[in-house]
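Everything on this sheet refers to the single structure shown next.
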Amino acid sequence: MSRRDRLSGNEAVANAIRQIDPDVIAAFPITPSTEIPQYVSSFLAEGKLTTEFITVESEHSAISACVGAEAAGVRAMTATSSAGFAYMHEMLYVAASDRLPIVMAVVNRALTGPININCDHSDSMGSRDSGWMQLYSEDAQEAYDNMLMAHRIAEDPEVLLPIMVCQDGFITSHAVQNLVLEDDETAKQFVGEYHPKHYLLNPREPAGFGPYGISAYYMELKRQQTEAMNHAAAVIERVSREYGDLTGRYYGLIECYRMEDAEYAAVCIGSSAGTGKAAIETLRSRGVRAGLVKIRAFRPFPAQAIAQALQNVKAVAVMDKADSFSACGGPLGAEVRAALYQYGARVSAVNFVYGLGGRDVRVDDFYAIYRELQEVSDGKDYPMFQYIGVRE
Amino acid sequence: MAYNLKELAGRPERFAPGQRMCAGCGSPIAMRAVLRALHPEDKAVITMATSCLEVSSLIYPYSAWEDSIIHAAFENASAVTSGAQAAYTAMKKKGKLDETYKFITFGGDGGTYDIGFQSLSGAMERGTDMVYVCYDNEAYMNTGIQRSSSTPKYAETTTTAVGSESNGKVQTKKDLTRVLAAHNIPYVAQTTFLGNLKDLHEKAERAIYTKGPAFLNVMAPCPRGWRYDAPDIMKVCKAAVESCVWPLFEVVEGQWKLNYRPKEKLPVEEYLKLQGRFRHLFKPGRESLIAEIQADVDRRWEELLKLCGE
Amino acid sequence: MIEIRWHGRGGQGAKTAALLLADVAFTKGMYVQGFPEYGPERMGAPITAYNRLDSEPISIHSNIYDPDLVVVVDESLIESVDVTAGLKEGGALILNSCKSAQEIRAMLPGFAGRLYRVDARSISERDIGKNMPNTPLLAAVVKVSGMMEPQEFFENMHGSFAHKFASKPEVLEGNMKAIRDAWEEVVAL
Amino acid sequence: MTVGGVVYGGANSPEVKTGEWRTVAPVFHPDKCRQCLLCFPVCPDSSIPVQDGRRLDFDYDHCKGCGICAAVCPFGAITYGEGKEEK
């Protein structure tokens, strides 16, 4: 029996971890993900977890220990944010190239500097090319659900890639909300057992991980990773469908909200999608045909699905909660525009950079965005990218 | 059990030929000796820091290791071992594994004294049941002989060039074995290659079969970086020990023990003159530098004697 | 939807009160949000916490700018924080204070909206034995918002306190008394 | 290619014939050898096979010709001459 509860995003993730009961967790405290290892510690103290908990001396060691544990043949998890995430950067590539299906709970926070503890996506966007899958969560419910699906996706033999489950720091991680938790047995059964094929602690066959990859092999090994990422899209959809059949909560690579007849759409990631949905309801009541595309999987990037969803709108706002400093906008803007171009969707795409360092995004901001889209579709020129809520 | 090389030689070789270290390299001598100390019925998970050893012994699609091996990066070998060891504990607890595994980490001085020190210190402090073996060749040899914090004073390296304004490395060598002893772990030892490698074997065996963290520092000369003739490696090691530049000692549960005391301390220049990296010290006008090194060696030796209650 | 903004100082329990209120509403079957203003919390520094309560699912994830209800845990904040900012017309402000109506009105020049006072400090000191204003304030919020009948609220709180203070039944009684007293003592000014 | 470049099944490096690197070869003289085995552990290339407590001739497939063994032999049972194909 599933259970209705009210939890913060971090509590929700911690409860997923408790239900999964991974063999090894290695983590280092950093705001706003710190609560996750704290919950792990208290679950252990109460005998609610059997996990080996390694209280490492840094995030670099946290992810390194996960690499060691996962290569040894067990499930390993960690959690981090911001600077800690960045400190892991090098090892993220190693985890992916070793094809280790590590699960990491990311609580998004702006990357220093200046130092800032609030949410944006500059931490995880900085590692978007590390070879990890990235699922983003709108709220605590999705963070919980994504965590329960993460192992199944990552460990699929067609995939074998690490995965990060992201949620917005403080905005959802520290906000209590209603959600439904599956009962422990159902969750455990869904996640299932882990049976790696090649691993260090296989007494029948030793294994060597992380060899020197000379030029004669390196490119093929990288190509393998891309193939795995290609497979990942279908696996995410399949696992999500199965999860939906079990829980009634269905997820895809993207979520289309009131897009059937939408003339104006916003594309965004994370908690802002919820705020956008509230704005859309009001706009619809005023006769504006507004819709929204929420990106759940940023890696693999669902280019075709996004292009399809947007092909009939008059104008789209692509919203980046991170700047690329490319002088051409944010990462989502670049990739959505590339997708539109590739699939021949001739849509005016306006790139907005917003919400950096916890700058709040209000329902009113969405009204302004949709107003801007109406003007653009009426022929107004628009720059390569622009900011929301910045003082000039 | 008394040391019997004949018997040990009968154990299966766990570090195979075909690895691509330089001819005459000290590091594989250390690997072979440490792995000979592993009881044949036991298995191992070996972790390597990025190093000459790593890029020579695990080159896709070849491995020189009979045991499971993992390399992740330069600075994190101990953390990787922590994870693998925790996985082992988890599997044992759940009854998923019958075999006994030992966890051995190999790193050069760069990956141990310097960039990997944080990860090493963390793993030791956490009480990880593992052995960290540093093969100390006193510089970053893999990238072409740059100085490390293990490089001795006045040694020439490619980043401590010798010239009219420079006598080589300015700073003294970090005493890492003592730093590890300060972690209050059950076993810390320092050794090198001598005779039939009895000292190295016994320390390796003790380190591997000590419950909890153990640290073994093995001076492993590099003919290319130290600039001596490759066949002379054993001569160089002997001189290091006889001159007290590299004393043999161990710290067992906090108890310091000197393993060898030279009958007559060899002057330090006898050690230095074997190696091209110190050649400039023998040029006229630099006599005081050798005296300075001697004074430093003497001071450290006296300190060690005190610690060992000698 | 009811939107509530709490003003307090770090360590006074405003955040806890917001979470408690979310709990109370949740047990009534409502959709809830309870969250602090996102940032480091330091003892004594002004902090803000928020609640959204609704019979429908809530998807908005922004701070609250036009609250229906503002709760001021520490009246000294009024000097430095614009506690009535954005307060909806017809909205209410609940103040933890022992001051008279005139004194309070004088502290809030230009505010003509509904104003309530509860002396949460005295109540908690009397009933619980120390200054823990959040419990009495919670009762005031529930009453002023009209979200629950007293009996249902008391039963709810009893259930949640019984769980929280399982090992300290005397604390439970004190807290329950503080809730009942606050329900009676909150006054419209 | 293996998934993730993982090498499994234990040591396969003997397929790599590092003996090709050798410019100077050690030569074993069994008549002078007293089987003290001092040479065996100091070989960096695991190229001195030992069977039943006795060393055999060099594994020239892998011996890189460093000469350490010759330097430690107290009995002159290993000579270290000129030329790659001494044997």
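Values in this document were obtained by computation on a predicted structure and should not be read as measured data. Sequence lines set the chain letters: A, B, ... in the order given, protein chains first and strands last, and positions in each chain run from 1.
The choice from B:M91, B:K43, B:K93, B:E75 that makes the most heavy-atom pairs within less than 4.5 Å of chain A is B:E75. By number of non-hydrogen pairs under 4.5 angstrom with chain A, the leading residue of B:G122, B:A86, B:S121, B:A123 is B:A86.
Residue A:Y212 qualifies as open at atom OH: its count of foreign heavy atoms under 6.0 Å is 12 or below.
Note on B:K94 versus A:D23: salt bridge recorded, some NZ/NE/NH1/NH2 to OD/OE distance being below 4.0 Å. The pair A:E193-B:K96 meets the salt-bridge criterion, since a charged nitrogen lies less than 4.0 angstrom from a carboxylate oxygen.
Near-neighbour residues of residues 124-143 of chain B relative to chain A, defined by a heavy atom under 4.5 Å from a heavy atom of that chain, comprise B:R126.
For chain A, the nearby parts of B:Q118 are the backbone and the side chain; heavy atoms of each come within less than 4.5 Å. When heavy atoms are compared at a cutoff of 4.5 Å, A:E90 approaches chain B solely by way of its side chain, counted from C-beta outward. Of the atoms belonging to B:S119, heavy atoms from both backbone and side chain fall under 4.5 Å from chain A. Contacts of B:V55 with chain A are made by both backbone and side-chain atoms, with heavy-atom separations under 4.5 Å.
Minimum interatomic distance between B:A87 and A:A72 (heavy atoms only, all atoms of both residues): CB-CB, 3.5 Å. Residues A:G208 and B:L58 share a closest heavy-atom pair of CA-CD1, 4.4 Å.
Summarising the geometry, atom CE belonging to A:M91 is positioned 4.5 Å from atom CG belonging to B:N76; distances are rounded to the nearest 0.5 Å.
With B:H71 contributing its side chain and A:P211 its backbone, the two residues share no donor-acceptor pair below 3.5 Å. With B:S68 contributing its side chain and A:A207 its backbone, the two residues share a donor-acceptor pair below 3.5 Å.
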